[in-house]
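Heads up, the thing below is written out as structure tokens.
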Amino acid sequence: MTFTLATWNINSVRLREALVCRLMRDEAPDVLCLQECKSPVEKIPMEQFRALGYEHVVARGQKGYNGVAIFSKMPIEEVRAGDYAGLGHARHIAGRLANGVTVHNFYVPAGGDVPDRAVNEKFGQKLDFLTHMRDDFAANRPARAILVGDLNIAPREDDVWNHKALLKIVSHTPIEVEHLAQVMAAGDWVDVTRQDIPEGRLYSWWSYRSPDWDTADKGRRLDHVWATPDIAPAARGSRILRAVRGWEQPSDHAPVFATFDL
DNA sequence: ATGGTTGCGAGGCAA
């Protein structure tokens, strides 16, 4: 059985309802994971998505900030919603699909501007969130699982437009990359996007602050698709839909896709 | 070193 999954930081699911519908209609992933819904769950426009075949959803939300949701064409049951680092934020939801695959959808804290936890509390919270993720997966080793989301870290040199220029910029600092590597090791996760596309620069986010994002191309790969080793070999066809970043009134993130032949 | 833009929600905060 084949299924396709996508992850997209939507930056307000209510403002961009039409864009979500367009992606659902044009690309029709079996599972669509959103982050930064910025909406209470009861105000997500479920009916419009349901009409496009996404009849099943698990979600966590809060007013104005954060929020994660998994829309699925096949049945999904919630298995957990973690409160990593005890922030009380809606940044994680996990569901088990009818095909037996567990999907973790994460929105890791961005971490503020200064990469020093002594002067920037948000950076400490980001590191603590990642440490908590690591401990969680070490204590409960995932199987037949996929982890997606806006992890707010671009780990590789070719995941950013300029490695040296970004070494002290939050999202690409060595300490963040090390924390992310420990999360990966704890769950034995495989980076599916880079398994499929091992070479070359790859970005999923371009700042709103760049007037001509496409030409300047100062991007970062902040959005990820991982899988456990029992199903990672079944992954193929990963792609980042850069064109979506150029849609009318876009999110600053592009959706990331992967297909699994299970 | 700074400023650049966007969303939420009505002034600044978060990204």
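Chain letters run A, B, ... following the sequence lines, proteins first and then strands; every chain starts at 1.
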Integer angstrom distance from the C1' of B:dG11 to that of B:dA1: 27 Å
Nearest-angstrom distance from the residue atom CH2 of A:Trp206 to C1' of B:dT6: 17 Å
Under the side chain to side chain donor-acceptor pair (under 3.5 Å) test, residues paired with A:Ser12 that sit two or more places apart: none
A:Glu248 CD to B:dT6 P, straight-line distance once rounded to whole Å: 12 Å
Qualifying residues under side chain to side chain donor-acceptor pair (under 3.5 Å), relative to A:Thr102, sequence neighbours excluded: none
Those residues that, when tested against A:Arg245, pass salt bridge (Lys or Arg N to Asp or Glu O under 4.0 Å) (two or more places apart): none
Partner set under salt bridge (Lys or Arg N to Asp or Glu O under 4.0 Å) for A:Arg141, not counting sequence neighbours: none
Listed once per pair and sorted, the ring pair (Phe, Tyr, Trp, His ring centres under 6.0 Å) pairs that draw on residues 148-185 of chain A, sequence neighbours left out: A:His163-A:His172
Below 4.0 Å: OP1/OP2 of B:dC8 and any side-chain N or O of A:Ser12: yes
Show me the donor-acceptor pairs, under 3.5 Å and distance only, between side chains in residues 40-50 of chain A and residues at least two apart or in other chains.
from, atom 1, to, atom 2, distance (Å)
A:Glu47, OE2, A:Arg50, NE, 3.4
A:Gln48, NE2, A:Glu17, OE2, 3.4

Distance, C1' atom - from B:dA14 to B:dA10, rounded to whole angstrom: 16 Å
Matching residue for A:Thr193 among A:Thr7, A:Val148, A:Leu202 - test: side chain to side chain contact (heavy atoms under 4.5 Å, CB included): A:Leu202
Residues touching DNA chain B, which here means a heavy atom under 4.0 Å, drawn from residues 156-183 of chain A: none
Base-contact (B) and sugar-phosphate-only (S) positions in nucleotides 9-15 of chain B, heavy-atom cut-off under 4.0 Å, - elsewhere: S----SB
Gap in Å between the two P atoms, one belonging to B:dG9 and one to B:dA15, rounded: 15 Å
Under the ring pair (Phe, Tyr, Trp, His ring centres under 6.0 Å) test, residues paired with A:Phe129 that sit two or more places apart: A:Tyr84
